[in-house]
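Okay, structure first, notes after.
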Amino acid sequence: MKKFKFELEDLLKLRQFEQEQAQIELGKAVAVENNIQAQLDALAQEYSAVKASSKGSLDFSQITSTSKFYSYMNIKSERLMNEMAQAKLVTEEKRKIFFAALQKTESLSKLKEKMYEEYKAQTAIAEEDEIDDIITSHTNAVRAQK
């Protein structure tokens, strides 16, 4: 019997490689988003800490420096929010690319499985025919000896 060979194996391997690369790129984009979110969370904690430490203060210099710090934090927060919006767009684009690559790979994998099942069915039929031929020739040989 001849061995099963999927004619599109090279293409399937290429698609799998493209899928892996797309998955890596998606992971990097998600990591960027997570990093920005961590910065936003740290900024929020810092804001709360400054607010708690300056609560009830009547010192003019502390009130002024707290006000300047709040302005700085608002600017930084706005910048981080803009970066997050851009990062989300990049992540969504990478996600689309990954799912497109995944779909291509899955369709070729399913085709390979289908062709392999057909090969197994044809092989089983061929083996049955060969066994039948052997039995028939053996039966004919036994009859010829009688």
- request: Quick one: list whatever passes side chain to side chain contact (heavy atoms under 4.5 Å, CB included) with R79, sequence neighbours left out.
  value: K76, E83
Interatomic distance, [X] atom [atom1] to [Y] atom [atom2] [nearest 0.5 angstrom]:
X    : Y    : atom1 : atom2 : answer
L40  : S77  : CG    : OG    : 6.0 Å
M115 : L8   : CE    : CG    : 7.0 Å
E130 : I125 : CD    : CD1   : 14.0 Å
T136 : D129 : OG1   : CG    : 10.0 Å

message: With a 4.5 Å cut-off on side-chain heavy atoms, are E78 and N82 touching?
response: yes
message: Show me the pairs that pass side-chain hydrogen bond (donor to acceptor under 3.5 Å, both in side chains) and involve residues 39-50, at least two apart or across chains.
response: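 Every pair satisfying side-chain hydrogen bond (donor to acceptor under 3.5 Å, both in side chains) with a residue in residues 39-50: Q37-D41.
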task: Give every residue pair that meets the side-chain hydrogen bond (donor to acceptor under 3.5 Å, both in side chains) criterion with at least one member in residues 13-28, sequence neighbours excluded.
output: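 Those involving residues 13-28 are Q19-T105.
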Shared hydrophobic cluster for [X] and [Y] (ILVMFWY, side-chain gaps under 4.5 Å):
X   : Y    : result
M73 : I36  : yes
F69 : I75  : no
L12 : L111 : yes
I63 : V50  : no
V30 : L102 : yes

- request: Please answer whether the main-chain N or O of D133 pairs with a side-chain N or O of S137 as donor and acceptor at a distance below 3.5 Å.
  value: yes
- prompt: CD of E118: more than 12 outside heavy atoms within 6.0 angstrom?
  reply: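 Counting other residues, nucleotides and ligands, CD of E118 exceeds 12 neighbours.
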With a cut-off of 3.5 Å and sequence neighbours excluded, list every side-chain donor-acceptor pair involving residues 87-94.
from : atom 1 : to  : atom 2 : distance (Å)
K88  : NZ     : E33 : OE1    : 3.3
T91  : OG1    : A29 : O      : 3.4
T91  : OG1    : E33 : OE2    : 2.6
T91  : OG1    : A87 : O      : 2.9
E92  : OE1    : R95 : NH1    : 3.4

Where at least one partner belongs to residues 101-116, residue pairs that pass salt bridge (charged side-chain N to carboxylate O under 4.0 Å, His left out), sequence neighbours excluded: E9-K112
query: Do any pairs count as a ring pair (Phe, Tyr, Trp, His ring centres under 6.0 Å) and have a residue in residues 4-45, sequence neighbours left out, and if so which ones?
result: F4-Y116, F4-Y119
